[in-house]
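Letters go in sequence order (proteins before strands), and every chain restarts at 1. Note that the structure is predicted; figures quoted are calculated from it, not measured.
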Amino acid sequence: MSDIRGYKCPNCGAAVPFDPNAQKLVCGHCGSEFDTDALDSYNQLVQDVKEDSLDWGELDKAGLNGEGMRTLVCPSCGGSVVAEQTTSATCCPYCGNTLIVPKAFAGMLLPDLVIPFKLDKEAAKEGFKQFLRSKKALPNDFKPERILSKVQGLYVPYWLFDCDAEASARFLATRTHSRREGDYQVTLTDHFYVYRDGEISFEKVPVDASQKLDNELLESLEPFDYEQAVSFNAAYLSGFLADKYDEEPDEAVVRANERIRNSMLMALRSKVLEYDTAILDASSLRLNHAQRSYALLPIYIYSVVYKGENYTFAMNGQTGKIVGDLPADGQKLLVTFVKYFLLAFVLIFVLSFLMLGGWL
Amino acid sequence: MKKLFSIFVLLAFLLMGFDVAAQGQLAVDETGLLTSEEIEDINRQCAEASGRLGLKVTVLFTAEAFDGEAYEAAADYYDRVFYGEEGVILYVNFYTRDYAVVSSGEVIDRELSEKPVAYILDNYILNELRAEDYCGAVSSFIEGLDYVFVHSTDFVEQPLSTAEIVTDSALIAAFGGLVVGLIPTLINYYQLKNCAPKKEAQDYIDPQRVKIYRSGDLFLYRTSKRVRIADNSGGSKGGSTRFTGSSGISHVGGSRKF
């Protein structure tokens with residue numbers, strides 16, 4: 001580190017010489033005055049903020065076992081089923097038997113946890129029906145009964161990230177007050193450099209490990225209750241589909257880092273109180289005791305093509321939360337708008353007419 | 001006895017104070033700022049205006065402190081000197097830097113109601129007072145009186161025609177209908193699109209293990225900004241108002257700063 005020290009104005013960045021008359025450091029460019037101790041402390045705080053240290057250790061690169069498709073043979077009826085390489089469990093289309101691929105869960109591919117489905121298929125169908133029926137702007141020919149017969153329960157692969165996160169945040173904050181002096185309104189603004197350093201433990205931040213499924217859709221289904229998670233057993237997969245991961249942990253960790261960073265900054269910002277403004281100036285994040293685990297989480301999912309567009313909606317197989325992107329009937333929306341517009345127009349017109357005419 | 005009686009009457013008149021001397025004088029200067037020629041000129045202007053307009057036109061220059069609003073102080077003075085007479089007063093107070101116009105009598109429902117008085121306050125008198133041209137300020141005041149008397153119908157609010165009422169009502173109803181119509185439409189639309197990515201990981205924080213181990217607030221510097229306040233205070237929220245003076249007589253008046 002250099003022994004040479006310089007003083008720069010926090011307001012405009014210009015050099016700040018010592019003014020013997022004021023006995024303070026005074027910026028020649030903007031005129032701001034600073035105590036020497038305050039500017040020394042400010043320089044120290046700025047230098048204290050280090051680079052990010054987002055070390056998750058060695059994230060295993062398990063890799064995929066080959067590309068493309070493969071053929072599974074049903075042990076019940078002998079039927080052949082073609083499935084993707086990443087499929088871990090599927091359903092025989094001939095006899096309905098569940099086909100589980102044991103090698104899909106061997107070695108590094110063995111999930112650490114699974115959250116079993118809490119809602120059965122009937123409950124899922126009923127939930128979806130209610131969800132679709134309550135949507136007033138859904139097209140009439142987007143009928144739930146016809147669609148929901150094909151709802152599938154799927155165990156989605158997730159990476160779960162645990163860590164103790166330490167963060168430092170520096171804020172430029174202001175406090176303003178004004179008063180009247182004769183014919184003038186005087187506004188005084190005090191500028192502060194606010195620092196907050198803290199630590200938060202994160203448990204099992206989920207990032208989906210499947211490239212086939214939309215991240216936005218799956219994140220909308222959160223949160224999952226990990227207290228109901230159990231050690232993996234292939235028996236839980238019976239009756240459901242399952243995939244193994246096709247997104248490596250070092251790709252997924254980028255999303256986890258972003259969410260952890262945002263949570264840390266939110267927590268530190270919430271401790272900056274009684275200021276009129278507080279803008280983030282610098283921050284750093286360090287991860288300790290970082291771990292990742294591999295889990296299968298339960299989701300009911302359905303995709304439908306309607307008028308050439310693909311629409312997907314999903315249900316959290318543990319909590320029952322439903323999210324989705326559904327088509328909107330433009331005509332129904334227009335009818336809704338016109339109905340409320342006319343009603344309001346008539347009422348407001350009558351009221352205005354009576355008031356402007358002096359009858360009310 | 002006769003001598004004693006005469007002395008008594010003279011003393012009584014003297015004890016009634018300045019107001020007795022002011023009786024009959026339309027313009028009074030209590031400050032001594034104006035010369036006698038200026039006072040005479042102002043009195044002449046007021047007398048001419050009084051004859052022309054058919055009411056008392058009076059002026060008071062003072063530097064006396066008062067409680068309440070300047071127009072209330074003006075009304076109190078007018079009632080003390082010209083009680084019950086129809087007229088108008090221009091009141092200028094050099095101590096508080098207020099000037100007020102207050103009308104009295106039946107004219108408060110005609111040529112000198114709220115709008116005309118506010119018009120005179122806002123468009124006359126001020127520039128001359130700021131320029132310390134006090135005779136000019138009185139001339140400007142009388143000019144303002146002449147204007148509102150000639151254009152008295154301009155200040156009377158005409159009722160809206162039926163066509164105007166219908167048009168205005170339709171515009172208001174259309175805007176209100178648009179807002180009311182959009183709300184349920186947008187609600188119905190966004191019910192269909194409820195996917196939202198998570199920007200943070202609040203659901204996965206162990207609340208027992210959240211701690212802030214270092215915090216501080218370092219004062220750096222202060223900046224200040226001075227802005228001149230617009231000079232339009234006075235009167236009742238900037239206009240003029242109808243009020244009852246301490247004598248119980250109704251007036252219309254307003255005041256401004258100079």
Side-chain angles (χ1 to χ4, degrees), chain A residues 10-11 32-34 38 41-42 45 135-138 183-205 215-217 219-220 222-223 259-260 262-263 266-267 271 323-326 328 333 336-338 340-342 344-345 348-349 352-353 356-357, chain B residues 159-160 162 164-166 168-229 231 257:
Chain A
N11 189 25
S32 301
E33 294 185 2
F34 309 92
S41 300
Y42 167 75
L45 285 168
K135 302 295 177 278
K136 296 189 176 83
L138 200 62
D183 290 339
Y184 288 87
Q185 189 72 24
V186 178
T187 304
L188 299 170
T189 304
D190 292 336
H191 297 257
F192 294 83
Y193 201 61
V194 176
Y195 56 95
R196 302 282 185 266
D197 298 349
E199 184 179 78
I200 298 179
S201 292
F202 290 85
E203 292 181 0
K204 298 184 178 49
V205 178
N215 289 343
E216 199 172 294
L217 180 76
E219 281 181 7
S220 302
E222 292 178 28
R259 291 178 67 176
I260 288 168
N262 288 342
S263 280
M266 267 176 66
K271 301 298 180 192
V323 296
D325 173 25
L326 296 170
L333 288 172
T336 303
F337 173 78
V338 169
Y340 283 94
F341 173 84
L342 286 176
F345 182 91
I348 295 170
F349 180 87
S352 298
F353 189 88
L356 289 174
Chain B
L160 291 170
T162 307
E164 281 171 334
I165 293 174
V166 167
D168 289 349
S169 301
L171 282 171
I172 294 168
F175 178 74
L178 191 69
V179 171
V180 170
L182 275 176
I183 292 171
T185 308
L186 291 174
I187 289 172
N188 285 352
Y189 177 77
Y190 283 106
Q191 273 181 347
L192 300 169
K193 320 275 177 193
N194 66 348
C195 284
K198 296 270 185 189
K199 292 195 173 102
E200 26 62 38
Q202 298 301 105
D203 295 320
Y204 309 102
I205 290 174
D206 180 356
Q208 307 296 329
R209 293 166 70 184
V210 175
K211 57 181 185 218
I212 304 293
Y213 52 73
R214 188 175 166 223
S215 71
D217 301 58
L218 180 67
F219 172 75
L220 288 178
Y221 60 97
R222 169 176 281 188
T223 55
S224 73
K225 193 166 78 168
R226 283 163 63 90
V227 174
R228 191 181 176 91
I229 298 163
D231 216 353
K257 291 278 185 195

OG on Ser352(A) to CD1 on Ile172(B), rounded to 0.5 Å: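 It comes to 4.0 Å.
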
Quick one: pull up CG in Leu356(A) and CD in Glu164(B) and give me the separation to the nearest 0.5 Å. 10.0 Å

Under 4.5 Å, counting heavy-atom pairs only, tell me which of Glu200(B), Lys199(B), Gln202(B), Lys193(B) racks up the most with chain A.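 When all of Glu200(B), Lys199(B), Gln202(B), Lys193(B) are compared, Glu200(B) has the most.
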
Pick from Ser224(B), Ala170(B), Gly216(B): which one has the most heavy-atom pairs with chain A under 4.5 Å? Gly216(B)

Using non-hydrogen atoms only, which part of [X] is less than 4.5 Å away from chain B: side chain, backbone, both, or neither?
{"X": "Lys271(A)", "result": "side chain"}
{"X": "Asn215(A)", "result": "neither"}
{"X": "Leu45(A)", "result": "side chain"}
{"X": "Glu33(A)", "result": "backbone"}

Mind listing the side-chain donor-acceptor pairs of residues 175-192 of chain B below 3.5 Å, one per line with the distance, residues two or more places apart or on another chain?
unit_1: Thr185(B); atom_1: OG1; unit_2: Gly181(B); atom_2: O; d: 2.7

Going by salt bridge (Lys or Arg N to Asp or Glu O under 4.0 Å), name the pairs with one or both residues in residues 168-192 of chain B, residues two or more places apart or in two chains. none

Compute the centroid of each ring, for Phe202(A) and then for Tyr204(B), and state whether the two points are separated by less than 6.0 Å. no

Over 60° means perpendicular and under 30° means parallel, so classify the ring planes of Phe219(B) and Phe192(A), tilted if in between. perpendicular

Check this for me, if you would: do Arg196(A) and Asp217(B) make a salt bridge, where the nitrogen-to-carboxylate-oxygen distance has to be below 4.0 angstrom?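 Here Arg196(A) pairs with Asp217(B) in a salt bridge, since their nearest N and O are under 4.0 Å apart.
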
